[in-house]
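Order of the sequence lines sets the chain letters (A, B, ...), proteins ahead of strands, with each chain counted from 1.
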Amino acid sequence: MIGFFLRRIVLTIPTFIALTFLTFVAIRLVPGDPVEARVGEHGITPERLALLRHQLGLDQPVWKQFLDYGWGLLHGNFGTSLSTSGSVLTEFMTLFPATVELSLVAMALAILIGIPTGVIAAVKRGSWTDQILMSLSVTGYSMPIFWWGLLLVMLFAERLGWAPVGGRIDLIRFDYDTPTGFMLIDSLLSDEPGAFLDAVRHLVLPAIVLGTIPLAVVARMTRSSMLEVLNEDYVRTARAKGLSPFRVIGIHALRNALIPVTTVIGLMTGSLLAGAVLTETIFSWPGVGHYLIDGISRRDYPALQGGIMLISVVVIFVNLLVDVTYGAINPRIRHGG
Amino acid sequence: MNALTLFRAAVGLGLAALLLGSTAASAKTLVYCSEGSPENFTPAINTTGTSLDAARPVFDQLVEFERGSTNLKPGLAESWTIGPDGKTITFKLRQGVKFGATKEFKPTRDFNADDVLFSFQRQFDEKNPYFKVSGGKYDYYNDMDMPTILKDIKKTDDHTIVMTLSQPNVAILANLAMDFATIQSAEYADYLMKKGKPEQFDQVPVGTGPFVFSAYQKDAVIRFKANPDYWGGKPAIDDLVYAITPDPTARISKLKTGECQVSPLPRPADIPELQKDANINVLTQPGLNIGYLAFNATKPPFDKKEVRQALSMAIDRKAILTQVYGQAGQMAKNLIPPTMWAYDDSVVDYTFDPEKAKAMLKSAGVSGSIDIDLWYMPVQRPYNPDAKRMAEMMQSDLAKVGVNAKLVTYEWGEYRKRIQNGEATTALFGWTGDNGDPDNFFFFLGCDGTKPAASNIAKWCDKDFNDKLAQARQVTELDQRKKLYSDMQVIQHDQEPVLNIAHSLQYEPVRKEVIDFKMSPLGRNQFDGVSLK
């Protein structure tokens, strides 16, 4: 097991190097540069332009900039934001808990609803229930996040007033420190009555919006995987032995059907974070999504590079975790079989 | 019981547990849905209106703009006198002004001349220990040409500051009311430098303003508390909260539901709906800006004023106003908007007359069809909501008088650089005023602006215009200045280096419980003097 884990870790090293290089180059291929992006209608003298470019190290050859950046990364230095002059790592870590919290709740929602939905659809294959559930899942999968989010805001926030439009907490009623950055935890730590429920209220709509597509994928994946497993000989044998349908489906079949579902959940981490960018925009959710968008518009190279790198680290780590879990569930994979 | 009622009841029960916390607003807390996070809290090193708005509650300047106008009033300087040669300005500083405190810093002295010296010296003196802190880029100080204008600054006593100018320039007073000229605490700067945390100076602001900074969470919230010791009197609201909401749709939704009371920068498409909302007042006023089409006077045939005038008559600006600006534009005949004191209403605008335009082109020696390039911005600007659409409409109008315009654009930074280097033959561009002084508009058609990378994209240099521009900086009598600017408007209209198109209108939706919020022509949002019902 440890050997498997180490092998996987070693394999991530070239991935990181390639990622660093790609991010670094891709950002510089976008027209415009950070200094030009600061200049408005006032214009800028060539002397001042040269001075600012020098201050930011942009007058260095690109290969040298890359080596400097790589050297910094090796020392845990993700650079300094060109627009705020703050440490990219610190800024990212301030915002990241909000994205993680939203993503975890959205994923939990997707798993807790998606898996039972898929199982029910598989067991009742071809029935009206199956068709309705799968139609809903196709609808959920096809729904543009932006449209879906706005629809929910208009209905539940503007029209019915049941949920807030955005943010993580009622800013008028609550003013407390957020040591962990996870509002659900911080609201409990704050000892302010009603804070936790208010944090939940703020989380409901964004989590539904972000969780919709993963939910649809998990449901469909579970259904197809279950159908495959339900036709296996060992399931037929279990049934023939007189085991209860719950034990056959819930334990024997589902456990094996979950292997591909687990992989899909890992792979979805990337798309979940991409979806978080849009969801965070709709719900004014202070996560890393807006940080990256802002980085693009300001041509804030370090913020953008650092942000993408850190997100990539998370995606790779989650997939590594999934691989390990997968290996644990299926020993053939662990041994390279 | 109809289906909707049933649906409401069902979902209502499901969410009942989550509804325990209702959004009962404290009467003294005002929430402003700001459009983004600030770069930091020191205006001198910031470039965006968002950042300047975020720092404004905490700070003051020597000279200030009256709320909702560009008129100047005393700020931290009680009074000022301009020397007989026009080159020195002596400021008498207000006494007994307190700085706010933070969790770890408690000021031990009142505001004095050292704070003024520190705040300016940081921006130009490389020996100042804070010169390079937080990147050390002082864009506004440089953009407003302060390194050239300000020759020296010194204190003669703790409450007197003398500024020496390289040449007489009355427009500097308006510069000093801008955010970059904010006065910060020298004592706080020293304190943090000794602690080895100078960068905190720009992140946790300490000022003399109407509010005291309380907390900031990036992309989430900025909190301020009323400053009970404010020299101008304690603000009417106790807490000021900036709920950071970058998406314009979310800002409007929050305003409608009462999650915030003031929401800037609405999308033009949302205005009609907001105007119908019984809980919202939509404030409006002409923006301090101008969108124009520049003719490059160094490139034939635009070196002839008759050609520039002819093209101005060939373009249907009324149609542009309707289709590009919708409700949010006002036709421009002068470079400055009509709200400015120097505006000359006697200038007679060019009318849309393609036939006359054709005849003028012919008499100017331009026969048959000609090919030109017409550049347009790839981005929305405050003075031009859709430059591409505008360029297409112009292209169609110009074709009718035999001018074939090829549309050209580049990435915004590249676009600006190229047109300022004089590459375009005709180009759409514009200007947003910084401080309300007419000089801040007319300067960009001055001869200095024709240099490469400078602001005069028409590359038009008229000696008479330029002399009057310089003269208007030196005279202190308002009537004399007004006469000079009036003459310049006549010259500009006759020479037509640019075709003035429109001044865009600004909108600011505010909930009706907000009392006495004033829109600023400079696009500022400020909350001293604002109260809540």
Identify which part of B:Thr48 has an atom lying under 4.5 Å from any heavy atom of chain A, answering side chain, backbone, both or neither. side chain

Proximity breakdown for A:Gln55 and chain B, heavy-atom pairs closer than 4.5 Å: side chain

Considering only heavy atoms, which portion of A:Ile293 lies under 4.5 Å from any heavy atom of chain B: side chain, backbone, both, or neither? neither

Counting only heavy atoms closer than 4.5 Å, note whether A:Phe174 contacts chain B via side chain, backbone, both or neither. backbone

Turns out that what part of B:Asp434 lies under 4.5 Å from chain A's heavy atoms comes down to side chain

Strictly by modelled atom types, are B:Asp219 and B:Ser37 linked by a side-chain donor-acceptor pair under 3.5 Å? yes

What part of A:Thr84 is in contact with chain B, defined as an atom under 4.5 angstrom from a non-hydrogen atom: side chain, backbone, both or neither? both

Segment of B:Ala454 engaging chain A (4.5 angstrom heavy-atom cut-off): neither

When the 4.5 angstrom heavy-atom criterion is applied to B:Ile45 and chain A, the contacting part is backbone

Tell me, for B:Phe429 versus chain A, whether the close heavy atoms (under 4.5 Å) come from the side chain, the backbone, both or neither. side chain

Please find out if less than 6.0 Å separates the ring center of B:Tyr32 from that of B:Phe224. no

Using heavy-atom distances under 4.5 Å, tell me whether B:Lys218 contacts chain A through its side chain, its backbone, both, or neither. both

Any side-chain donor-acceptor pair under 3.5 Å between B:Glu39 and B:Thr47? yes

Using heavy-atom distances under 4.5 Å, tell me whether B:Asp139 contacts chain A through its side chain, its backbone, both, or neither. both

Interface moiety of B:Ser134 toward chain A, non-hydrogen atoms closer than 4.5 Å: both

So which part of B:Lys256 gets closer than 4.5 Å to some heavy atom of chain A, the side chain, the backbone, both or neither? side chain

Taking side chain as everything from C-beta outward and backbone as N, CA, C, O, which of these in B:Arg251 sits under 4.5 Å from a heavy atom of chain A? Side chain, backbone, both or neither. neither

Would you please go through residues 92-100 of chain A and name the residues with a non-hydrogen atom below 4.5 Å from one of chain B, in numerical order? A:Leu95

Could you look at B:Glu199 and say if it's the side chain, the backbone, both or neither that has a heavy atom under 4.5 Å from chain A? neither

Cut-off 4.5 Å, heavy atoms of chain B, and the answer for A:Leu82 is backbone

Heavy-atom contact with chain B under 4.5 Å, split by part of A:Arg298: side chain

Give, as side chain, backbone, both or neither, the part of B:Asn142 having an atom under 4.5 angstrom from any heavy atom of chain A. side chain

Using a distance-only test with no angle check, is there a side-chain donor-acceptor pair under 3.5 angstrom linking A:Thr180 and A:Asp186? yes

Contacts satisfying side chain to side chain donor-acceptor pair (under 3.5 Å) that involve residues 299-308 of chain A (not counting sequence neighbours) are A:Arg28-A:Gln305, A:Ser81-A:Asp300, A:Ser83-A:Asp300

More than 12 heavy atoms of other residues, nucleotides or ligands under 6.0 Å from NZ of B:Lys132: yes or no? no

Side chain, backbone, both or neither: which part of A:Tyr291 has an atom under 4.5 Å from a heavy atom of chain B? both

Interface moiety of B:Ile419 toward chain A, non-hydrogen atoms closer than 4.5 Å: neither

Can you confirm whether more than 12 heavy atoms, excluding those of A:Met143, are under 6.0 Å from its CE atom? yes

So, for A:Leu278 and A:Ile145, which heavy atoms are closest and what is the spacing to 0.1 Å? CB-CG2, 4.0 Å

Taking side chain as everything from C-beta outward and backbone as N, CA, C, O, which of these in A:Asp175 sits under 4.5 Å from a heavy atom of chain B? Side chain, backbone, both or neither. both

Relative to chain A, which segment of B:Phe41 carries a heavy atom at a distance below 4.5 Å: side chain, backbone, both, or neither? neither

Relative to chain B, which of A:Pro286, A:Gly149, A:Gly287 shows the most heavy atom pairs under 4.5 Å? A:Pro286

